[in-house]
2 protein chains.
Amino acid sequence: MQLHDTLTALADPTRRAILARLGAGEARVTDLAAPFDISLNSVSKHIRILERADLVRRRRAGREHLLSFNPQPLDAAMAWIEGQRALMTRQLNALEAALKEAKP
Amino acid sequence: MQLHDTLTALADPTRRAILARLGAGEARVTDLAAPFDISLNSVSKHIRILERADLVRRRRAGREHLLSFNPQPLDAAMAWIEGQRALMTRQLNALEAALKEAKP
DNA sequence: ATGTTATTCACCCATAGGGGTGAATAATGC
DNA sequence: GCATTATTCACCCCTATGGGTGAATAACAT
């Protein structure tokens, strides 16, 4: 599922940092790994999870893999979250209306 | 961390369903468990994680625990996601501007 | 007092996944 | 061809966590 993969991908601090870094532009796996003191391998796995969510796209240039950030799946995530919030807002409005009805 | 707890809480389908259900109003643990064929205990644990993220509030009425949905932490999550998307938009705008500069 | 209902606590089990290392693959530079 | 560089593949380890069961706690109902 698209939404699930997206939220799962966002639920890890390393992956969030990677996305933030990619917000500044394309980067190689090695570049992405630099700020963290975890192995290249580990970063590579995080990238795979980000790719599964289609949040990251890969472009090979020779032996380098250039990663870029695709924000599109964020729309679905935002929509879901916004939807939940809307439910709550409606509920609160109904409550408020009921109170106004009962008070006077 | 607030953001982390929130995103972690949202990264599970059962918890998302629980939130969606709570969007319709307060419910007991038993009510929340009904749609799933998992044990009450399991649901109880999910609720604990939702409470950790402050997405769910608990109100005891006698022996019943009434759970309600607190959408406030969603704001921080939305803000973070929106921020990432904004980074990307700025990057794309810069690229576009550079192209326009180079073309003619 | 006793039984029933609602929930959690204290465990156990299995899997996912975040971390590591070392070998394999592939492209560059010489 | 050979060494170097960039990345992945194939493993292993360990913790978090989603799931379960059975006992404990707490509040009704009788």
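Reminder, nothing fancy here: chain letters follow the sequence lines and each chain counts from 1.
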If you check the [X] side chain, which of [options] turns out closest?
X: A:Arg63; options: C:dT8, C:dC9, D:dA6; value: D:dA6
X: A:Thr14; options: D:dA10, D:dG19, C:dG19; value: C:dG19
X: A:Ile49; options: D:dT8, C:dG18, D:dC9; value: C:dG18
X: B:His46; options: D:dT21, C:dT8, D:dG18; value: D:dG18
X: B:Arg60; options: D:dT4, D:dA26, C:dG19; value: D:dA26
X: A:His65; options: D:dG20, C:dA6, D:dT8; value: D:dT8
X: A:Asn41; options: D:dC9, C:dA6, D:dT7; value: D:dC9
X: A:Arg15; options: C:dT8, D:dT8, C:dG18; value: C:dG18

Under 3.5 Å side-chain donor-acceptor pair for A:Arg16 and B:His4: yes
Spacing of [X] atom [atom1] relative to [N] atom [atom2], expressed in whole Å:
X: B:Arg52; N: D:dG18; atom1: CZ; atom2: C1'; answer: 13 Å
X: B:Asp31; N: C:dT7; atom1: CG; atom2: P; answer: 7 Å
X: A:Ile47; N: D:dA6; atom1: CD1; atom2: C1'; answer: 12 Å
X: B:Asp37; N: D:dG18; atom1: CG; atom2: C1'; answer: 14 Å
X: A:Asp12; N: D:dT15; atom1: CG; atom2: C1'; answer: 14 Å
X: B:Glu64; N: C:dT8; atom1: CD; atom2: C1'; answer: 15 Å
X: B:Lys45; N: D:dG19; atom1: NZ; atom2: P; answer: 9 Å
X: B:Leu40; N: D:dT25; atom1: CG; atom2: C1'; answer: 15 Å

A:Glu82/A:Arg85 ion pair, N-O < 4.0 Å: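 Between A:Arg85 and A:Glu82 there is a salt bridge, with a charged N closer than 4.0 Å to a carboxylate O.
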Electrostatic pair A:Arg59-A:Glu26, nearest N-O below 4.0 angstrom: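 Between A:Glu26 and A:Arg59 there is a salt bridge, with a charged N closer than 4.0 Å to a carboxylate O.
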Sugar-phosphate only, base, or nothing, as touched by B:Ile38 at under 4.0 Å among non-hydrogen atoms: sugar-phosphate
Touch class at under 4.0 angstrom, heavy-atom based, for B:Ser44 against every strand present: sugar-phosphate
Whether B:Asn70 side chain and B:Val56 backbone form a donor-acceptor pair below 3.5 Å: no
Point-to-point distance, once rounded to the nearest 0.5 Å, from CD1 of A:Ile18 to CG of A:Asp12: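 If I round to the nearest 0.5 Å, the distance is 8.0 Å.
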